Number of protein chains: 2
Amino acid sequence: MTIANVSPLEINPATPNVVDPRRRRAPEERPAQILDAAFHEFGERGLAGARLDDIAKRAGVAKGTIYLYFPNKEALFREMVRTTTIAAIESAEQLAEQESHESAETQLRRLSVGWWTFLRSDRFQVVQRLVLAELQHFPDLMQFYADEVVARGRRLIGAIVERGTARGEFRPIVPATAARMLSSLTMMQAIWCDRRQCFPELAGVTDEHIREEILDFYLSALRPIQ
Amino acid sequence: MTIANVSPLEINPATPNVVDPRRRRAPEERPAQILDAAFHEFGERGLAGARLDDIAKRAGVAKGTIYLYFPNKEALFREMVRTTTIAAIESAEQLAEQESHESAETQLRRLSVGWWTFLRSDRFQVVQRLVLAELQHFPDLMQFYADEVVARGRRLIGAIVERGTARGEFRPIVPATAARMLSSLTMMQAIWCDRRQCFPELAGVTDEHIREEILDFYLSALRPIQ
DNA sequence: CACTAAACTGACTGGTCAGTCATTAATACA
DNA sequence: TGTATTAATGACTGACCAGTCAGTTTAGTG
């Protein structure tokens, strides 16, 4: 969907290629196509539950083709988690770009909007489910996720909070702890939003409202003591 | 092993039950034995990944025996989630019993200790993983979990917060929102604690310290505005 | 003790699916 | 046009595993 590229071969002056597109040569596109299909199938069924035939069908490719680009199912899974995660971080960091002249509260507010958008996206929901459910069996991927997603996010928040404390906007607090608090509030509730129908209390509330509640709650915990 | 019979005379009348315990009749115990084994196997490998042969072996029972008590793999899974969840709630509610004369802060503090103990137990970690990973395919179980675990917990916290607000201990806040904030802080960080090795920041910190950080942070967000 | 009913067993079956490979199609180049 | 090379296919294989059932063991009863 996102990753699957537009084929440069499609741009054709004379349209001589009326061939079955499935058999057309386009080796550069294959990995992305397959990874995208894998993302959906693994996301839906998990590592053990997903079938390679389904991934192939979704990618518009024969099963054998998958094995031209990935040595086996597990490697495909690993690679899918890696690429999806990387794509996710990049889009999140773009959104969270900060201007240093702003107040810490304003920075936090902007970070909150960007991050929440990302957390509520389909891609994150799937990654999150896989991380929580399957990554215990892949210590290296877990580490990768911890370093590249969690730690990076924490540093971002921690820096803002530290600056806010220094400016007297916030009460004194260990930045790492403060970052962990905001992460947990936001991540957990983003996951719950995805299961809205089960939580009557959330059913009538918009995503945006929840995001604001979280931020207000968080800011009131950081409020300086009189 | 099966064909080579044990002579019934071998059974000493003084110690009558030296029979292979695996073949002793105990139909009342079977479901619990099987469910316990299922808990471990499903918890480790997920619904699709777990093998009934392994569950049987762990339960000390033949595969066929499982089918005397449960119609199929999925039903066993459902039943396992149900019973585990119920056991979990009951143990958690015992811990959280409150005395009405205490201050809201003290009540919250006691609830926090009991709940955290539960959240950090093996049983909860496994249930939580299954809920997040698999329960989307079982809407009825998801609903059951939402009603019996999440909603119950929220009501408990909400009531305490409401009382605290009425007494002027806490600032005015929607009790349901306040409950959701504490739930998300606690649940998410309990899950992270289980993956300690991946988060260098948590590695050197005790569970108890994190629990206190959460509670202090929470209380400071509820602090009345001057 | 003999007989019956209930509990239990584990070899077997049939379906499923990861992974293979002989074959076919497309392209590049002479 | 022919030949070589690379890309892709999908029928096939073998392992695996949920679910079955004919047979075995145990306990209860007269």
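The figures here come from the full heavy-atom set of this structure, side chains too, leaving out hydrogens, waters and symmetry mates. Since the model is a prediction, treat every value here as computed from it, not as a measurement. Order of the sequence lines sets the chain letters (A, B, ...), proteins ahead of strands, with each chain counted from 1.
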Here the ring-ring contact (aromatic ring centres under 6.0 Å, His included) pairs for residues 113-133 of chain B, sequence neighbours left out, are B/Phe118-B/Phe124
Axis bend over the full length of the helix from C/dC1-D/dG30 to C/dA30-D/dT1, computed from five pairs that close each end, to 10 degrees: 10°
Residues at least two apart in sequence or cross-chain that pass side-chain contact (heavy atoms from CB on, under 4.5 Å) with B/Asp122, listed by chain then number, are none
Among residues at least two apart in sequence or on other chains, which ones pass ring pair (Phe, Tyr, Trp, His ring centres under 6.0 Å) with B/Phe217? A/Tyr218
Comparing A/Asp53 with A/Gly64, nearest DNA chain C nucleotide closer to 5' gives the residue A/Asp53
Do A/Leu156 and A/Leu111 make a side-chain contact, defined as non-hydrogen atoms from C-beta onward lying under 4.5 Å apart? yes
Out of C/dG10, D/dA18, C/dA18, minimum distance to the side chain of A/Lys63 belongs to C/dA18
Which residue pairs pass the ring-ring contact (aromatic ring centres under 6.0 Å, His included) test with at least one member in residues 127-151 of chain A, sequence neighbours excluded? A/Phe77-A/Phe138
Who passes side-chain contact (heavy atoms from CB on, under 4.5 Å) against A/Val126, sequence neighbours left out? A/Phe39, A/Arg129, A/Leu130
Would you say C/dC8 has OP1 or OP2 under 4.0 Å from some side-chain N or O of B/Arg30? yes
Compile the donor-acceptor pairs under 3.5 Å between side chains in residues 187-195 of chain A and protein atoms, sequence neighbours left out, one pair per line.
from: A/Gln189; atom 1: OE1; to: B/Arg180; atom 2: NH1; distance (Å): 2.8
from: A/Gln189; atom 1: NE2; to: B/Ser184; atom 2: OG; distance (Å): 3.1
from: A/Arg195; atom 1: NH2; to: B/Leu132; atom 2: O; distance (Å): 3.1

With sequence neighbours excluded, residues passing side-chain contact (heavy atoms from CB on, under 4.5 Å) with A/Ala151: A/Arg155
Please collect all salt bridge (charged side-chain N to carboxylate O under 4.0 Å, His left out) contacts where either partner lies in residues 80-91 of chain A, sequence neighbours excluded, each pair once. none
Mind checking what makes ring pair (Phe, Tyr, Trp, His ring centres under 6.0 Å) contact with A/Tyr69, not counting sequence neighbours? none
Residues in residues 65-79 of chain B with a heavy atom under 4.0 Å of DNA chain D, by number, are B/Tyr67, B/Asn72, B/Lys73
Kindly state which residues belonging to residues 44-52 of chain A come within less than 4.0 angstrom of DNA chain C, counting heavy atoms of the residue only, listed by number. A/Ala50, A/Arg51, A/Leu52
